[in-house]
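Report on one structure; see the data block that follows.
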Amino acid sequence: MLPVRTRSFLLGVLVFIALLVGHGAQANEAARALDAIAADVERGARVFRSTGGCTCHTNYPGEGPNAPELAGGRAMETPFGVFYSTNITPDRETGIGEWSNADFARAMREGLSPEGQHYFPTFPYPSFSGLTDQDIIDLFAYIQSRPADRRENRAPEAPLPFSWRGSVAGWKLVNFTPKVFDDAPGRSEAWARGRYLVEAAAHCGECHTPRTLSGGLDGSMALAGSVEGPEGQLAPNITPHEETGIGDWSKADLVWYLQMGLKPDGDDTQGLMSEVIEHGYAELPASDLEAMAEYLATVPSIENRVKAP
Amino acid sequence: MSAIGTNMGAIGDILKNQLDVPGGVANHANQMADAAALIAPAFKKQLAEGATDAKVEIWSDWTGFEKAIEDYESAARALAAAAASGDAGATGKAMRGLGKSCGGCHKPYRKPKEDSYKNQ
C-alpha cells in the first residue's frame with residue numbers, strides 16, 4: 001500500500017491528465033465542428049470586404065499600388081515599436097496554406113498561432129473574436145482562393161519585453177475578453193447587423209478608439225478618436241457628438257463616405273481609412289453600410305477633440 | 001482647392017440624397033474640370049511655408065504635379081459625361097474615379113492632416 005500522501009498526489013496527477021485529455025477532446029470536437037461547415041467563397045469575399053480588405057497585410061505604403069496582395073511585410077508603427085504584418089497568402093511555407101479551419105479560427109478569435117504562440121495585438125483579434133463560425137470559415141476559404149506569394153515574415157523592431165511574444169499572455173489577461181453579442185432586444189435587425197460589422201468584422205474601434213497605457217482599447221472612450229492611431233495616424237472621433245464627433249453627419253453622409261471616401265465638405269480621405277474604404281467597405285452592399293450608419297448613430301456620444309500632438 | 005471641395009460636396013449632396021436637380025451633377029463636374037486650368041497658375045509661385053498644406057514636392061516635381069492636374073481634369077469630364085447619360089451605375093463609378101484623382105494629387109503633394117498647419 002502506498003502512503004496516503006503519495007496516493008493523493010497520484011490521484012491529483014490523474015485528475016490533471018483527465019482534465020487535459022478532456023480539454024483536448026473538447027478542442028478536437030470544436031475543430032471537427034468547424035471542419036464540418038461548408039465554406040462559401042462568394043460569401044467569404046463579402047466578409048473579406050467587411051474587414052476592410054485585410055489591407056494591413058498588403059504593403060501599399062512601402063511597395064505602391066501593385067504590392068503583392070496579402071503577402072505582409074507592412075510596417076505598423078506603434079508606441080511599443082515597429083511590427084510587421086504577416087504573409088496570409090496560401091503559400092505553404094511562408095503563408096497560411098497549410099492551416100486548417102480550426103487553426104484559422106484560433107488565430108482570429110484567440111490570437112494564437114497553430115504552434116500556440118501569441119500574436120501581437122496589432123492583429124485586431126479582440127474585435128475578430130466576435131465573428132461567427134460561418135463568417136470565419138467563409139473568409140478563410142476566400143483568402144485561400146487568392147494567389148500565393150512566397151515571402152518570409154519579418155521580426156518586430158521593438159525593445160524587450162514588447163518584442164517577446166510571451167509578454168502578450170500578460171497583455172491578454174488585462175486587455176482581452178472575447179466578444180460576445182447579445183440578441184439586441186428591442187433593436188432592429190439592421191441595427192444588430194450594424195453592430196456586428198462595426199464591432200467585429202470592420203473593427204472600426206481598433207483604429208478609432210484610443211488605447212490605454214498598456215495598449216488595450218479604452219472602453220470608456222469607445223470610437224471617440226485616437227491621436228496615436230494606426231501607423232501613427234490621427235483617427236477622428238466617430239461618435240454622434242455634434243461638435244467633436246460626426247453628430248452633424250446624416251446617415252446618407254456616412255454611407256456615401258464609406259462608398260466614396262468623400263466627406264460631407266467634399267474633401268477626400270487620407271491614410272489607412274482611404275485603404276480600408278477602397279479595398280473593402282466601398283464594395284459592400286448598401287444595406288450593410290446603412291446598417292453601420294444606423295448602429296453608429298446610437299453609440300454613446302463622447303466629447304473628444306482629436307488634434308495632432 | 002476649397003472651391004473644388006465645395007463642388008465635390010455639392011455633387012455628393014445631389015447623389016447621396018438622390019435630389020432631383022436636372023443637369024446638376026454634370027454642371028458641377030464641368031465646373032470642376034474647368035477649374036483644372038486654375039490649379040497650375042495658383043501654385044506656380046512656391047509657397048510652402050505658413051498657412052498652406054502644399055508640400056515642396058510640387059515644385060521639385062512640377063511635371064508630376066501637372067500630370068495629376070490632367071488626371072483630375074479627365075476624371076471630372078468623365079463624370080460630367082456619365083451624369084449626362086443618366087446611367088446611375090456609371091455615374092457612381094465615375095464619381096469614385098474623380099475621388100481617386102484627388103488622392104492622386106493629395107498623397108504626394110499635400111501635407112497629411114497630422115502635419116497640417118490647421119493642426120499646429
Side-chain angles (χ1 to χ4, degrees), chain A residues 55 60-65 77 207 225-237 244 248-286 289-290 293 305-309, chain B residues 1-19 24-25 28-29 31-32 35 53 55 64 68 71-72 75-76 79 82-83 88-120:
Chain A
T55 176
Y60 295 114
E63 296 167 65
E77 274 176 47
C207 298
S226 179
V227 185
E228 279 284 352
E231 300 182 355
Q233 296 168 14
L234 282 182
N237 181 344
T244 65
D248 54 344
W249 292 32
S250 69
K251 281 185 195 157
D253 284 340
L254 188 61
V255 170
W256 179 257
Y257 181 69
L258 295 174
Q259 275 171 338
M260 297 289 170
L262 294 167
K263 300 175 188 175
D265 66 4
D267 205 352
D268 66 345
T269 299
Q270 304 179 348
L272 259 169
M273 190 70 200
S274 67
E275 291 186 34
V276 286
I277 291 176
E278 182 180 343
H279 303 288
Y281 308 151
E283 306 289 339
L284 284 174
L289 302 176
E290 284 156 11
R305 195 173 295 282
V306 179
K307 283 196 85 178
Chain B
M1 268 305 137
S2 26
I4 291 180
T6 307
N7 271 304
M8 204 64 170
I11 296 177
D13 279 338
I14 297 174
L15 293 176
K16 69 189 155 199
N17 299 311
Q18 292 161 8
L19 302 182
V25 173
H28 282 293
Q31 279 177 28
M32 288 175 73
D53 288 329
K55 290 214 273 193
D71 291 346
Y72 155 78
L79 174 61
T91 306
K93 248 198 175 147
M95 188 69 194
R96 231 192 256 176
L98 178 55
K100 267 191 103 158
S101 79
C102 317
C105 186
H106 289 166
K107 275 187 198 117
Y109 304 115
R110 175 187 178 187
K111 288 182 195 154
K113 81 188 164 312
E114 289 78 10
D115 305 333
S116 170
Y117 73 92
K118 292 180 193 165
N119 261 319
Q120 302 304 314

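Protein chains get the first letters and strands the later ones, always in sequence-line order, with residue 1 at the start of each.
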Practice prompt. Spell out, as yes or no, whether a donor-acceptor pair under 3.5 Å connects the side chain of B:Glu114 to the backbone of A:Leu234.
Written response: yes

Discussion item. With heavy-atom distances below 4.5 Å as the criterion, would you say the side chains of A:Asp268 and B:Met8 are in contact?
Written reply: no

Worksheet item: Ion pair present between A:Glu283 and B:Arg96, side-chain N to carboxylate O less than 4.0 angstrom?
Response: yes

Practice prompt. Work out which heavy atom in B:Gly99 is nearest to a heavy atom in A:Leu262; give both atom names and the distance.
Written response: CA-CD2, 4.4 Å

Practice prompt. Give a yes or no on whether the backbone of A:Val255 and the side-chain of B:Lys16 come within a donor-acceptor separation of less than 3.5 Å.
Written response: no

Response to the item:
The reported gap from CG in B:Asn17 to CG in A:Asp253 (rounded to nearest 0.5 angstrom) is 7.0 Å

Worksheet item: Using a cut-off of under 4.5 Å for heavy-atom pairs, which of A:Met260, A:Lys263, A:Glu278 has the most such pairs with chain B?
Response: A:Met260

Item to complete: Show the numbers, then the answer: is there a salt bridge (Lys or Arg N to Asp or Glu O under 4.0 Å) between B:Arg110 and A:Asp267?
Response: CA-CA 12 Å; B:Arg110 175 187 178 187; A:Asp267 205 352; 2.9 Å; yes

Worksheet entry | Full working for side chain to side chain contact (heavy atoms under 4.5 Å, CB included) between B:His106 and A:Gln270 | CA-CA 8 Å; B:His106 289 166; A:Gln270 304 179 348; 5.7 Å; no

Worksheet item: Are there more than 12 heavy atoms of other residues, nucleotides or ligands under 6.0 Å from atom CD of B:Gln31?
Response: yes

